[in-house]
S.K.: 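Starting off with a structure, shown below.
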Amino acid sequence: LVNLGTFDVERQKASLAAIAVANKRGIPWVLDPVFVDRSPPRAAFAKKLVAKHPSAIRLNLAEFETLTGGKSGADALARYAKARRAVVGLTGERDLVCDQDRVATIANGHPLMARVTAMGCAASALVGACLAVEPDAWRATVSALIVIGVAGEVAAARARRTAAWKTSCASSWSSANRIWRNCALT
């Protein structure tokens with residue numbers, strides 16, 4: 001996982017070195033272009049990383065529009081995924097996951113998820129974990145986003161306030177094996 005949440009020269013160099021090794025060894029990797037919509041240098045670096053062929057890119061709408069020059073929508077997402085030969089997981093109220101040929105719309109989760117800092121980062125980390133065990137990057141990304149959304153729903157059923165929800169969500173993730181067994185992708 002290459003997460004641009006902390007953007008300094010050392011991490012940029014480390015990211016490039018890690019990507020070079022991953023690409024050489026055929027190891028899948030995920031790009032999370034955190035805050036590219038807020039920083040032109042960060043956006044430029046993210047575009048440089050996209051050119052290095054991540055297996056998956058997990059981002060929100062503002063980040064996607066920054067990388068595409070303002071284009072949005074399912075068609076723009078599909079074109080972007082196809083042009084870069086990468087899976088793109090656009091997260092929001094409804095998640096969209098596209099590769100060159102497939103599109104999935106995921107409609108789970110809970111509104112509290114949008115109020116918790118680093119939910120996107122957690123989703124990207126889960127995509128990376130799924131890529132470690134699922135060679136199909138589209139299936140791995142879809143699975144990860146389903147699991148994090150279901151965990152958010154389970155947490156919301158247990159706690160209605162944001163602070164209590166965070167703890168409940170973490171607990172739900174630790175029970176992800178049950179969620180995995182109940183999610184069948186065909």
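Everything quoted here is computed from the prediction, not taken from an experiment. Residue indices begin at 1 and follow the sequence shown.
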S.K.: Which atom names give the shortest non-hydrogen contact between R94 and A107, and what distance separates them?
M.R.: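 What the structure gives for the nearest pair is NH1-CB, 2.7 Å.
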
S.K.: Do L1 and L31 belong to the same hydrophobic cluster, where Ile, Leu, Val, Met, Phe, Trp and Tyr are linked whenever their side-chain heavy atoms lie under 4.5 Å apart, directly or via other members?
M.R.: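 No, it is not one cluster - the side chains of L1 and L31 are not joined through contacts under 4.5 Å.
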
S.K.: Please go through F35's hydrophobic cluster and name the other residues, only I, L, V, M, F, W, Y counting, with side-chain heavy atoms under 4.5 Å joining them.
M.R.: V34

S.K.: Report the distance from atom CD of E93 to atom CE of M113, rounding to the nearest 0.5 Å.
M.R.: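 Here the rounded value is 12.5 Å.
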
S.K.: Mind listing the closest non-hydrogen atom pair of K71 and A76 along with its distance?
M.R.: CB-CB, 4.1 Å

S.K.: Before giving the answer on side-chain hydrogen bond (donor to acceptor under 3.5 Å, both in side chains), spell out for D32 and S124 the whole-Å C-alpha distance, their side-chain angles and the decisive distance to 0.1 Å.
M.R.: CA-CA 6 Å; D32 185 346; S124 295; 2.8 Å; yes

S.K.: Looking only at atom types and distance, does a side-chain atom of N23 sit under 3.5 Å from a main-chain N or O of A20, one as donor and one as acceptor?
M.R.: no

S.K.: Pick out which of T68, L96, L61 makes a side chain to side chain contact (heavy atoms under 4.5 Å, CB included) with L77.
M.R.: L96

S.K.: Test of understanding: clusters of I, L, V, M, F, W, Y form through side-chain heavy atoms closer than 4.5 Å, transitively. Do V2 and L16 belong to the same one?
M.R.: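 Same cluster.
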
S.K.: Say you draw a straight line from CG of D95 to CG of L145; how long is it, rounded to the nearest 0.5 Å?
M.R.: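 The CG atom of L145 is 5.0 Å from CG of D95, to the nearest 0.5 Å.
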
S.K.: Spell out, yes or no, whether V50 and F7 are grouped together once hydrophobic residues are joined by side-chain heavy atoms under 4.5 Å, including indirect joins.
M.R.: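 Looking at the clustering, F7 is in the same group as V50.
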
S.K.: If you group Ile, Leu, Val, Met, Phe, Trp and Tyr by side-chain heavy-atom gaps below 4.5 Å, do Y80 and F45 land in one group?
M.R.: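 Yes, Y80 and F45 fall within the same hydrophobic cluster.
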
S.K.: For a quick test of reading the model, state the closest non-hydrogen atom pair linking P135 to V133 and the distance between them.
M.R.: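 Nearest pair, atom of P135 first, then V133: CD-O, 3.9 Å.
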
S.K.: State, yes or no, whether a side-chain contact exists between V87 and V97 at a heavy-atom distance under 4.5 Å.
M.R.: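 In short, these two side chains touch, coming nearer than 4.5 Å.
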
S.K.: To the nearest 0.5 Å, what is the distance between CZ (R84) and CG (D99)?
M.R.: 14.5 Å

S.K.: Got a donor-acceptor contact below 3.5 angstrom from the E65 side chain to the S72 backbone?
M.R.: no

S.K.: So, taking the atom named CD1 in I148 and the one named SG in C130, what distance separates them when rounded to the nearest 0.5 Å?
M.R.: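 The distance works out to 10.0 Å.
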
S.K.: If you measure from NZ on K48 to OG on S15, what distance do you get to the nearest 0.5 Å?
M.R.: 10.5 Å

S.K.: Enter the distance from R11:CZ to T6:OG1 here, rounded to the nearest 0.5 Å.
M.R.: 5.0 Å

S.K.: Go through the structure and list residues passing side chain to side chain contact (heavy atoms under 4.5 Å, CB included) with A46, not counting sequence neighbours.
M.R.: L4, P33, V36, L67

S.K.: Taking side chain to side chain contact (heavy atoms under 4.5 Å, CB included) as the test, write out the residues that go with D136, two or more places apart.
M.R.: R102, E134, W138, R139

S.K.: For residues P54 and A86, report the shortest heavy-atom separation together with the two atoms involved.
M.R.: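 Here P54 and A86 meet closest at O-CB, 3.4 Å.
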
S.K.: With heavy-atom distances below 4.5 Å as the criterion, would you say the side chains of R85 and Q100 are in contact?
M.R.: yes

S.K.: Do side-chain atoms of T141 reach the backbone of G89 as a donor and acceptor pair under 3.5 angstrom?
M.R.: no

S.K.: Which is it for L126 and V147 under the side-chain contact (heavy atoms from CB on, under 4.5 Å) test, yes or no, and what are the steps along the way?
M.R.: CA-CA 9 Å; L126 192 52; V147 168; 3.9 Å; yes

S.K.: Restricting to non-hydrogen atoms, name the atom on A81 and the atom on C98 that form the minimum distance, rounded to 0.1 Å.
M.R.: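 Closest heavy-atom pair between A81 and C98: CB-O, 3.6 Å.
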
S.K.: Can you see which heavy atom on A156 is nearest to which on H110, and at what distance?
M.R.: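 For A156 and H110, the tightest heavy-atom pair comes out as CB-CD2, 3.1 Å.
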
S.K.: When hydrophobic residues are tied together by side-chain contacts of less than 4.5 Å, even through go-betweens, does L59 share a cluster with W29?
M.R.: yes

S.K.: Is the backbone N or O of D37 less than 3.5 Å from a side-chain atom of R42, with the two atoms forming a donor-acceptor pair by type?
M.R.: no

